[in-house]
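Every number for a ligand or one of its atoms is a count from 1 in the order of the listing.
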Amino acid sequence: MARIKDIISPFTAWKNVVKEPVTIKEPLKREAAPRYRGFHKNDVDTCIGCGTCESICQNAAIDMVPVEGIETKNGDSGLRPRIDYGRCCWCALCVDVCTTGSLSMSNHFKWVDSDPDVFRFIPGVDKKEWDDEPNGYKKPGPNYELYSKERVHMPELKPEERDKSFIEIVRGYSREQAIKEADRCVECGICVATCPAHMGIPEYIKAIRNDDPNEGLRILYDTNPLPEVCGRICTHKCETVCSVGHQGDPLSIRWLKRYIADQQPAENYKQILETENISKNGKRIAI
Ligand code: SF4
Ligand code: SF4
Ligand code: SF4
């Protein structure tokens, strides 16, 4: 037999008829939180087209594209990131890693269009209503970095010791110091075009990070037969354009090159470079 409570309980739902609804009738009118990770913005004049945002994106939502009016020059690839909202998950890793701080997110999240192609756009170039929106997600303060802004200090001979010998003042990185410094490189390759020899800088820095200086030596010799010398006296123009240098110290590219060259005595180079079997042609050059 049904209990009296079971008979009455369906009618208790009627009391909700006079209550305020909990559901949001018009979700598109809802305001996002101030730090909401919404649509991207990019200050294209500050952006250098380093492509680090493209490299870090786990969804392959970014590709770097040429933009009319932005030229390739030293320290700027001339490319700018294009974002595909069919792939993006708004994780904001691209914003967190941006080497110049040009990339950020507005807190806009509403964009209705029947053409799916418009959701692939170049922030800062394809003008949007949220471009001047002050709210949204930006890289948090200076203590929030995906890579260290400070270069590893290079040990030097103390002044009182310098006048007693001809020992090099710059002592060179230890293995731990070199790996730590190499770990700051975002492998963007912006520096390569500025290096007069167009050396494989991100590749040999990666070899250091992988603790494989012999591989680094092979990469150095691909483009430069004098890495021991260049690792000491090169004017390191590459460092003037290093993308990491926009918000911190540039990579110690020259010292890292020297580190590789110093890891083996010169008499071992032939074996590492596998040049022992190269037959001599009898000709000589002067440098
Ligand atoms: S927010 Fe995340 S998924 Fe979207 S483009 Fe940036 S890194 Fe890629
Ligand atoms: S990481 Fe920043 S500076 Fe580099 S291409 Fe992307 S938006 Fe531009
Ligand atoms: S050394 Fe600097 S500019 Fe060169 S690849 Fe590394 S981060 Fe990029």
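- Residue contact check: G51 has heavy atoms under 4.0 Å from atoms 4 (Fe), 5 (S) of ligand 2.
- Without hydrogens or angle criteria, N42 side chain to V44 main chain gives no donor-acceptor distance under 3.5 Å.
- Not a single heavy atom of I56 sits closer than 4.0 Å to an atom of ligand 1.
- Of all heavy-atom pairs between S252 and Y173, the closest is OG-OH, 3.2 Å.
- Of all atoms in ligand 3, numbered sequentially from 1 with element shown, those under 4.0 Å from a heavy atom of V244 are 7 (S).
- Scanning the protein heavy atoms around atom 6 (Fe) of ligand 2, the nearest turns out to be C53 SG, 2.3 Å.
- Heavy-atom proximity to G189, at under 4.0 Å, picks out these atoms of ligand 3: 5 (S), 8 (Fe).
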Do F121 and W111 pass the ring pair (Phe, Tyr, Trp, His ring centres under 6.0 Å) test, and can you show the C-alpha distance, the side-chain angles, and the key distance before you say yes or no? CA-CA 13 Å; F121 76 115; W111 186 359; 5.5 Å; yes
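- Those atoms of ligand 1 with a heavy atom of I62 less than 4.0 angstrom away are 5 (S).
- Of the possible polar contacts, one joining the N224 side chain to the L226 backbone as a donor-acceptor pair under 3.5 Å is found.
- With a 4.0 Å cut-off on non-hydrogen atoms, H40 touches ligand 1 through its side chain and not its backbone.
- Residue contact check: V186 has heavy atoms under 4.0 Å from atoms 7 (S) of ligand 3.
- One finds no salt bridge joining K149 and D249 here, because no Lys/Arg side-chain nitrogen approaches an Asp/Glu carboxylate oxygen to under 4.0 Å.
- Heavy-atom contacts of C89 reach the following atoms of ligand 1: 3 (S), 4 (Fe) (cutoff under 4.0 Å).
- Neither side chain, H108 nor Y36, offers a donor N or O lying under 3.5 Å from an acceptor on the other.
- Among all protein heavy atoms, the one lying closest to atom 3 (S) of ligand 2 is T100 OG1, 3.2 Å.
- Counting atoms of ligand 1 from 1 in the listed order, those under 4.0 Å from a heavy atom of C57 are 3 (S), 5 (S), 7 (S), 8 (Fe).
- For ligand 2, the atoms closer than 4.0 angstrom to any heavy atom of M64 are 5 (S).
- With respect to atom 4 (Fe) of ligand 1, the closest heavy atom belonging to the protein is C88 SG, 2.4 Å.
- Heavy-atom neighbours of K110 NZ from other residues, nucleotides or ligands within 6.0 Å: above the threshold of 12.
- Just one residue in the list F109, F39, Y137 forms a ring-ring contact (aromatic ring centres under 6.0 Å, His included) with W130, and that residue is F39.
- Under the 30°/60° scheme for interplanar angles, the aromatic rings of Y221 and Y269 are found to stand perpendicular.
- Each of the atoms 1 (S), 2 (Fe), 3 (S), 7 (S) of ligand 1 lies under 4.0 Å from some heavy atom of C91.
- Comment: D262 engages R232 in a salt bridge, judged by a side-chain N to carboxylate O separation of less than 4.0 angstrom.
- Ion pairing between a basic and an acidic side chain is recognised when a charged N comes within 4.0 Å of a carboxylate O; E215 and R218 show such pairing.
- Each of the following atoms of ligand 1 lies closer than 4.0 Å to a heavy atom of W90: 1 (S), 4 (Fe).
- Using a 4.0 Å cut-off between charged nitrogen and carboxylate oxygen, R258 and E168 count as a salt-bridge pair.
- Using a 4.0 Å cut-off between charged side-chain N and carboxylate O, E145 and K139 make a salt bridge.
- Taking 2.8 Å as the criterion, C242 does not count as a coordinating residue of atom 4 (Fe) of ligand 3, since none of its N, O or S atoms falls below it.
- Atom 7 (S) of ligand 2 has its closest protein heavy atom at S102 OG, 3.5 Å.
- Looking at L251 against ligand 3, only its side chain comes within 4.0 Å, counting heavy atoms.
- When the heavy atoms of P81, C47, S77, P123 are ranked by distance to atom 8 (Fe) of ligand 2, first place goes to C47.
- Taking every heavy atom of L103 and a limit of under 4.0 angstrom, the matching atoms of ligand 2 come to 7 (S).
- Checked by atom type and distance alone, the side chain of D131 pairs as donor or acceptor with a backbone atom of K128 at under 3.5 Å.
- The closest side-chain heavy-atom distance from K41 to L103 is not below 4.5 Å.
- Listed by number with element, the atoms of ligand 1 under 4.0 angstrom from any heavy atom of A92 are 1 (S), 2 (Fe).
- Listed by number with element, the atoms of ligand 1 under 4.0 angstrom from any heavy atom of N59 are 3 (S).
- Interface of C191 with ligand 3, defined as ligand atoms under 4.0 Å from a residue heavy atom, comprises 1 (S), 3 (S), 4 (Fe), 5 (S).
- For M105, the closest heavy-atom approach to ligand 1 falls below 4.0 Å.
- With hydrogens left out, the protein atom closest to atom 2 (Fe) of ligand 2 is C98 SG, 2.3 Å, a heavy atom.
- Inclusion of C94 in the first shell of atom 2 (Fe) of ligand 1 is not supported: no N, O or S atom falls under 2.8 Å.
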Between K180 and Q177, does a side chain to side chain contact (heavy atoms under 4.5 Å, CB included) hold up when you go through it step by step? CA-CA 5 Å; K180 191 173 175 194; Q177 288 170 325; 5.7 Å; no
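- Contacts with ligand 3 closer than 4.0 Å are made by side-chain heavy atoms of I253 only, the backbone lying farther away.
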